[in-house]
Asks: 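One structure follows; several queries about it will come next.
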Amino acid sequence: MIEVESGVIVVKGMNNQQDADKVLDALLGVWGIGRAEINLKKSEALITYDERMASSHDFEQAVLDSGFGIDFNDSISKDPLNLSKEVNQNEGM
């Protein structure tokens, strides 16, 4: 079984689809990403990743390196990602 983490990053400064695409490309470039989606209306990046390959810090850094900020004040916890663990029954993934 593979344990995956899911989370939401509130991204500051995304104003249009080009910005959203830039953040999405940065996140998809992080090793271990399973899925990434951008909700431009909410300024959120939704991610799913294998925690053995990447950490929340890797995704935070990807967003910052792409030229955008992270809204730490909108976080539910001290961690800027609202993380939840899932167990993937597909061992080969």
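No experiment lies behind these values; they were computed from the predicted model shown. Index from 1, following the sequence.
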Asks: How many angstroms lie between CD in Glu44 and CD1 in Ile9, if you round to the nearest 0.5 Å?
Replies: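 Output value for this atom pair is 10.5 Å.
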
Asks: Is it the case that one hydrophobic cluster holds both Val11 and Leu28, taking links as side-chain heavy atoms less than 4.5 Å apart, direct or via other members?
Replies: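 In one cluster with Val11: Leu28, yes.
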
Asks: List the residues meeting side-chain contact (heavy atoms from CB on, under 4.5 Å) with Ser66, not counting sequence neighbours, and say none if there are none.
Replies: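 Testing Ser66 for side-chain contact (heavy atoms from CB on, under 4.5 Å), a comparison that skips the adjacent residues, returns Lys22, Val23, Ala26, Phe68.
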
Asks: Find the distance between CG (Asp19) and CG (Leu24) and round it off to the nearest 0.5 Å.
Replies: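 Separation between the atoms: 12.5 Å.
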
Asks: Got Ile38 and Met14 here, is their nearest side-chain heavy-atom distance under 4.5 Å?
Replies: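 Yes; the side chains approach each other to less than 4.5 Å.
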
Asks: I need the full list of side chain to side chain donor-acceptor pair (under 3.5 Å) pairs touching residues 7-18, with sequence neighbours left out, sorted by first then second residue.
Replies: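 Output for this query lists Gln17-Asp21.
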
Asks: Give me each pair satisfying side chain to side chain donor-acceptor pair (under 3.5 Å) with a member in residues 26-41, each pair once, sequence neighbours excluded.
Replies: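 Matches after skipping sequence neighbours: Arg35-Glu37.
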
Asks: Atom CD of Gln61 and atom CG of Leu27: how far apart are they, to the nearest 0.5 Å?
Replies: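 If we round to the nearest 0.5 Å, Gln61:CD and Leu27:CG are 12.0 Å apart.
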
Asks: Just wondering, do Ile47 and Ile33 contact through their side chains at under 4.5 Å, heavy atoms?
Replies: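 Result yes, sub-4.5 Å side-chain heavy-atom pair found.
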
